[in-house]
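Heads up: numbering here begins at 1 and tracks the sequence. Numbering of ligands and ligand atoms starts at 1, following listing order. Note: hydrogens, waters and symmetry copies are ignored here, and every other heavy atom, side chains too, is used.
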Amino acid sequence: RGKRAFIAGVADDNGYGWAIAKALAAAGAEILVGTWVPALNIFETSLRRGKFDESRKLPDGSLMDIVKVYPLDAVYDSPDDVPEDVKSNKRYAGSSNWTVKEVVESVKNDFGSIDILVHSLANGPEVTKPLLETSRRGYLTAISASSYSYVSLLQHFLPIMNPGGASISLTYIASERAIPGYGGGMSSAKAALESDTRVLAFEAGRKGKIRVNTISAGPLGSRAAKAIGFIEKMIEYSYVNAPLQKEQLADEVGNTAAFLVSSLASAITGSIVYVDNGLNTMGIAI
Ligand code: NAI
């Protein structure tokens, strides 16, 4: 049978998660997605009404089939962690079993196991603020939603991941180089994610024969990136300064993800793989 993938962080057809889902589907994988609870309704409605049909097209002409959409809020590990105001919030009360532990239990009940785990989500409420103006709460929320969410997902999914499987996340160069504008502790969150990639690769490799890598992606005008506010400038900067002066497509990240989780990459784990037209290699560009 084909491989089964769970992709956390898909809520429209613009982001990296969607592109990764498509590349995995094109390679024959069965696709399950985890969608942030507040975005669930509109995503499912749009899917059902055919709004994504054009972008569901795979190279062979068929449409990507999303076998199941799970509501997910990756900042909560189990129901005990959910504060009252969230529980009673209309958008959350309309769905159930969306904490990490419950989602994994649901996937286990529905399908038994998975082969591939993709983490394509991030959130930093103060991302537009410089680090010098970031509150403790904003910083910790960025880390919780963007870094620990991955630790938690892998921790819970690992027991139902088939040996030989693989996991990937998405990171950004602001973890290693100062990128003014990527604030609110998001740069710190990506640094944690990259460090965790190495430690988790060791632990999950030894414990479950699972490989763990992260893709450091170039700028993409996704919904999340537009919220940061400077994405058009970053795309332009990359175009002007990168070794490859071309638009960087989400599909290029999708294809790399498909390679990294496939047996073609069977000796690659704990790595940061750059998919950014080479921008990370530059010192100054003239
Ligand atoms: P996106 O908006 O398509 O994806 C982010 C997703 O995270 C959204 O679907 C959102 O609903 C979800 N999300 C937020 N908080 C959540 C939570 N608590 N629980 C579950 N889901 C939650 O945007 P994009 O840009 O494709 O982001 C995907 C990943 O790529 C992120 O890790 C991002 O940091 C990374 N990345 C993006 C770059 C860009 O320029 N767009 C560059 C490098 C990395």
State, without any angle test, whether H119 and S167 hold a side-chain donor-acceptor pair at a distance under 3.5 Å.
-> no
Which residue and heavy atom of the protein sit nearest [atom], plus the separation:
atom	value
atom 44 (C) of ligand 1	T171 O, 3.1 Å
atom 35 (C) of ligand 1	L170 CB, 3.6 Å
atom 21 (N) of ligand 1	W36 CB, 3.4 Å
atom 2 (O) of ligand 1	A224 N, 3.1 Å
atom 38 (C) of ligand 1	Y16 CE1, 3.6 Å

Mark up the atoms of ligand 1 that fall under 4.0 Å of a heavy atom belonging to [X], in ascending order.
X	value
A74	17 (C), 18 (N), 19 (N), 20 (C)
L220	39 (C), 40 (O), 41 (N)
A122	7 (O), 14 (C), 31 (C), 32 (O), 34 (O)
G218	40 (O), 42 (C)

Under 4.0 angstrom from ligand 1, any heavy atom of [X]?
X	result
N14	no
A145	no
K190	yes
I231	yes

Y148 reachable from L200 in the ILVMFWY side-chain graph, under 4.5 Å edges | yes
Judging by distance only, is a nitrogen or oxygen of D73 under 3.5 angstrom from one on ligand 1?
-> yes
Taking K226 as the fixed residue, which of N14, I231, L220 is the one that meets the side chain to side chain contact (heavy atoms under 4.5 Å, CB included) rule?
-> I231
Check each of S222, G15, S120 against atom 4 (O) of ligand 1 and report the one with the nearest heavy atom.
-> S120
Salt-bridge criterion met for E252 and K246 (N-O under 4.0 Å) = yes
Take R48 and E44 through the test salt bridge (charged side-chain N to carboxylate O under 4.0 Å, His left out) and record every step on the way to the result.
-> CA-CA 6 Å; R48 204 169 44 237; E44 286 197 305; 5.5 Å; no
